[in-house]
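Numbering of ligands and ligand atoms starts at 1, following listing order.
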Amino acid sequence: MASLRDDWDCKIPPDITLSIVVLGASGDLAKKKTFPALFALYKQGFLPRATQIIGYARTALTAEALHERLRQYLKGEEEEIARFLKLCFYVQGEYVPDAPGYRELARHVEEWEAQPASPAGRLFYLALPPYVYPEVCQGLSRECSDLGPSRNAASWVRAIVEKPFGNDLESSEALCEQLGALFPENQLYRIDHYLGKELSQNLLVMRWANPIFGAWWNRHYVNNVQISFKEDFGTQGRGGYFDSYGIIRDVIQNHLTQLLALIAMECPVSNHPDDIRDEKCKVLRCIAPLNLQDVVLGQYVAGNDQPGYLEDPTVPEGSRAPTYAACRLAINNERWAGVPFVLRAGKALNERSVVVRMQLHENPVPLFGPHGTHQNMRNEFVMRLQPGEAIYAKMVVKKPGLEMDTEMSELDLSYGERYADVKIPDAYERLILDCIRGDQQHFVRRDELRAAWSIFTPVLHAIDRGEVQPEPYEYGSRGPPSQDAFLAAAGYKRTARYTWKPSKSSEAIA
Ligand SMILES: NC(=O)C1=CN([C@@H]2O[C@H](COP(=O)(O)OP(=O)(O)OC[C@H]3O[C@@H](n4cnc5c(N)ncnc54)[C@H](OP(=O)(O)O)[C@@H]3O)[C@@H](O)[C@H]2O)C=CC1
Ligand SMILES: O=C1O[C@H](COP(=O)(O)O)[C@@H](O)[C@H](O)[C@H]1O
């Protein structure tokens, strides 16, 4: 796909002076994700030569103390780590808008950008709880976002903000208003790390670069679509945070809905980020708000020697927060009318995986019957995002041999084999680089966010009002017992008698 827009150039000027400011540098996200991703970019030579990284937080730390905290999360050679840490500084400051820390931050940044003739880039990464975004953005906007009148025209200011972007449609819109008054949309990068995963990105390429998919990627061939997120661990002390959100806000409204948009969207006008996001937004707007009848909610109880959700000391007594949800969505457009899209996500299940499964209709005329064993088997197109990226299509083939027997087999693209020597980048690594390049394709635009919240807000409000008692399921099980009937009602038929014979390398992944 060509880019038809001439205002789009995602190249990093080689002479740029870059300041990356990590706000909330003392926190978990910063040390586990942001700094390791920056280190990985540094190691691979993706950070411009003149880059400084400044950590900002309330905690009293020296730069050396920050380095010590970060060291255990940086994987690489000691010398390389030491060189990277030399780029990392620390400024202590409060988050309130008039905190003197912002002036101090501005001083560091301005000193670094001593040459007005060269372009300057200022990337503010808000690794902070969203309730402080408005005040932090005010402080940054007031003290740190003015590049000065003589600055090279290729200079920029960008801010990456983490989810959750609000709690429902109304609060999300209010947050967007507040931030939007300080940073225009082209400076705001709302991160959804699922958009940085290898297979999420491949969805677009695979779908739109191969005519083979065009013919069947619609209601005439596809019976149902499942997008499943499973984790084999519970909230483990994070229950306090989780409880006020629940699994729909935590995973479904954002990550899985973004995957749905990539699967269901129409062909964009070009590969310009806004053309792609226009299509994603359009398809999300074709989805009617979810009804409680189209939802199964669950909450895990003790099992497999593991405690139940309510036994987590950080969870409020008697909480009804769902740790599992399956949501059946209908896309009311010409391509997908009548095809159920089931988004389901759960904590404390039997495995950790994220899988997109498109199941096709049965063959209307089963030639290999009446005793043929596979006439009722359905083709399935499966994309496994993790663990071990794989794309496979399940299909009936002739069983090798003298008889005309059939069996279910697969066309298989397992990344572990096909790309055995390739290191798949971490999502954060990719997304931070996109932000430095000015590519907003894999970030959530305000109208997409609005469309996603519109789908889930009514059900979320009903859950918040305590109107639904989630169904118990055992820790380590497949989820609430009623989910299989729910999936069957959405058209899903499990392929019985399908056995996959993994190769050695795939066995290692499984
Ligand atoms: N390249 C590769 O790595 C390939 C790997 N495989 C592997 O082969 C195996 C089978 O593949 P596939 O058929 O695609 O996937 P699965 O059999 O794992 O899952 C198919 C569907 O059946 C459901 N299911 C699983 N167990 C049960 C059960 N006991 N009762 C009812 N429903 C159930 C699953 O839901 P739920 O999640 O709720 O259990 C899922 O929706 C998998 O382990 C897969 O990873 C296959 C092809 C290629
Ligand atoms: O955003 C979130 O995602 C993680 C899962 O991310 P993954 O990349 O490990 O699949 C999830 O555990 C967490 O609850 C949620 O907030």
Side-chain angles (χ1 to χ4, degrees), residues 28-29 32-33 162-165 191-200 224-236 238-239 241-243 245-256 258-259 296 298 323-324 326 342 344-359 377-395 408-418 426-428 431 473 476-488 490 492-510:
D28 231 41
L29 178 71
K32 289 189 182 152
K33 293 288 183 191
E162 277 282 344
K163 73 159 191 106
F165 313 116
I191 206 166
D192 180 318
H193 79 281
Y194 266 58
L195 291 177
K197 291 192 185 270
E198 184 64 39
L199 274 205
S200 313
N224 62 84
V225 179
Q226 277 182 55
I227 306 177
S228 309
F229 166 103
K230 299 170 78 172
E231 273 183 347
D232 56 1
F233 49 89
T235 47
Q236 287 163 333
R238 233 179 117 231
Y241 152 80
F242 184 87
D243 198 78
Y245 288 99
I247 196 75
I248 296 182
R249 289 187 177 98
D250 193 41
V251 173
I252 296 183
Q253 175 276 340
N254 36 59
H255 307 326
L256 301 196
Q258 284 293 324
L259 291 178
V296 171
T323 59
Y324 169 100
V342 176
R344 52 184 193 132
K347 302 254 173 202
L349 296 176
N350 58 334
E351 60 181 25
R352 176 177 176 258
S353 66
V354 178
V355 174
V356 174
R357 185 178 301 275
M358 300 175 78
Q359 189 171 68
M377 290 211 168
R378 289 177 170 182
N379 290 133
E380 274 179 16
F381 182 69
V382 184
M383 285 157 280
R384 191 176 62 221
L385 280 79
Q386 60 193 38
E389 292 83 351
I391 302 174
Y392 55 94
K394 286 160 66 170
M395 56 185 62
M408 199 69 169
S409 187
E410 68 283 316
L411 291 182
D412 185 353
L413 168 60
S414 291
Y415 278 45
E417 283 177 32
R418 180 66 176 81
D426 175 73
Y428 279 89
L431 294 173
Y473 63 95
S477 68
R478 291 183 45 251
S482 71
Q483 73 164 339
D484 285 334
F486 179 82
L487 289 174
Y492 176 67
K493 283 192 187 167
R494 185 154 191 251
T495 322
R497 298 189 299 277
Y498 168 67
T499 325
W500 182 57
K501 298 186 183 73
S503 65
K504 290 264 174 290
S505 60
S506 306
E507 257 172 357
I509 292 162

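- When heavy-atom distances to ligand 2 are checked against a 4.0 Å cut-off, Arg238 comes that close only through its side chain, counted from C-beta outward.
- Looking at heavy atoms from C-beta onward, Tyr492 lies in side-chain contact with Arg357 at the 4.5 angstrom threshold.
- There is a side-chain donor-acceptor pair under 3.5 Å between Glu380 and Thr495.
- Distances between N or O atoms of Tyr492 and those of ligand 1 include at least one value under 3.5 Å.
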Derivation and outcome, side-chain contact (heavy atoms from CB on, under 4.5 Å), residues His255 and His193: CA-CA 8 Å; His255 307 326; His193 79 281; 3.7 Å; yes
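- A heavy-atom distance below 4.5 Å is found between the side chains of Leu385 and Leu259.
- When hydrogens are left out, the protein atom nearest atom 9 (O) of ligand 2 is Arg352 NH2, 3.6 Å; that is the closest non-hydrogen contact.
- Side-chain contact between Tyr428 and Lys33 is present, with at least one heavy-atom pair separated by less than 4.5 Å.
- Among protein heavy atoms, atom 13 (C) of ligand 2 sits closest to Asp250 OD2, 3.6 Å.
- Phe229 and Tyr194 have tilted rings, their planes meeting at an angle from 30° to 60° on a 0 to 90° scale.
- Given atom 6 (O) of ligand 2, the protein heavy atom at minimum distance is His193 NE2, 3.1 Å.
- Near Gln386, meaning under 4.0 Å from any of its heavy atoms, are these atoms of ligand 2: 7 (P), 10 (O).
- The atoms of ligand 1 that sit less than 4.0 Å from any heavy atom of Asp412 are 1 (N), 2 (C), 48 (C).
- Note: an N/O pair closer than 3.5 Å links Ser414 and ligand 1 by distance alone.
- Interface atoms of ligand 1 facing Lys394, defined by a heavy-atom separation under 4.0 Å, are 12 (P), 13 (O), 14 (O).
- The heavy atom nearest to atom 31 (C) of ligand 1, considering only Arg478, Lys493, Glu417, Arg344, is found in Arg478.
- Numbered from 1 in the order shown, with element, the atoms of ligand 1 that lie under 4.0 Å from a heavy atom of Gln483 read 38 (O).
- On a distance-only criterion, Asn350 and ligand 1 share no N/O pair closer than 3.5 Å.
- Of the protein's non-hydrogen atoms, Tyr194 OH, 2.4 Å is the one closest to atom 10 (O) of ligand 2.
- In terms of heavy atoms, Pro480 sits closest to Tyr473 at N-CB, 3.5 Å.
- Salt-bridge formation is not detected for the pair Asp484/Arg494: no Lys NZ or Arg NE/NH1/NH2 atom is positioned less than 4.0 Å from an Asp or Glu carboxylate oxygen.
- Shown in contact with Gln226 at under 4.0 Å from a heavy atom are these atoms of ligand 1, numbered in order with element: 41 (O).
- When each atom of ligand 1 is checked for a heavy atom of Lys230 under 4.0 Å away, the hits are 36 (P), 37 (O), 38 (O), 39 (O).
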Step by step, would you call Val356 with Ile227 a side-chain contact (heavy atoms from CB on, under 4.5 Å)? CA-CA 4 Å; Val356 174; Ile227 306 177; 4.2 Å; yes
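- Between Asp192 and Lys163, every side-chain heavy-atom pair lies at or beyond the 4.5 Å cut-off.
- Atoms of ligand 2 lying under 4.0 Å from at least one heavy atom of Lys347, given by number and element, are 11 (C), 12 (O), 13 (C), 14 (O).
- Rounded to the nearest 0.5 Å, atoms NZ (Lys230) and CD (Glu351) are 4.0 Å apart.
- Ligand 1 places these atoms under 4.0 Å from at least one heavy atom of Arg384: 2 (C), 3 (O), 5 (C), 45 (O).
- Heavy-atom separations between Thr495 and ligand 1 are all 4.0 Å or longer.
- If you look at Arg418 next to ligand 1, there are no close heavy atoms at all, none under 4.0 Å.
- Checked by atom type and distance alone, the side chain of Asp232 never pairs as donor or acceptor with a backbone atom of Gly476 at under 3.5 Å.
- Contacts between Arg357 and ligand 1 below 4.0 angstrom, taking non-hydrogen atoms only, involve the side chain exclusively.
- Protein heavy atom at the shortest distance from atom 1 (O) of ligand 2 is His255 NE2, 2.7 Å.
- Of the protein's heavy atoms, Glu231 OE2, 3.4 Å lies nearest to atom 5 (C) of ligand 2.
- Remark: ligand 2 atoms within the under-4.0 Å shell around heavy atoms of Lys197 are 7 (P), 8 (O), 10 (O).
- Tyr324 and Gln483 share a side-chain donor-acceptor pair at under 3.5 Å.
- Of all the atoms in ligand 2, the ones that sit under 4.0 Å from a non-hydrogen atom of Lys163 are 1 (O), 2 (C), 15 (C), 16 (O).
- Between Lys347 and Glu231 there is a salt bridge, since a side-chain N of the basic residue sits under 4.0 Å from a carboxylate O of the acidic one.
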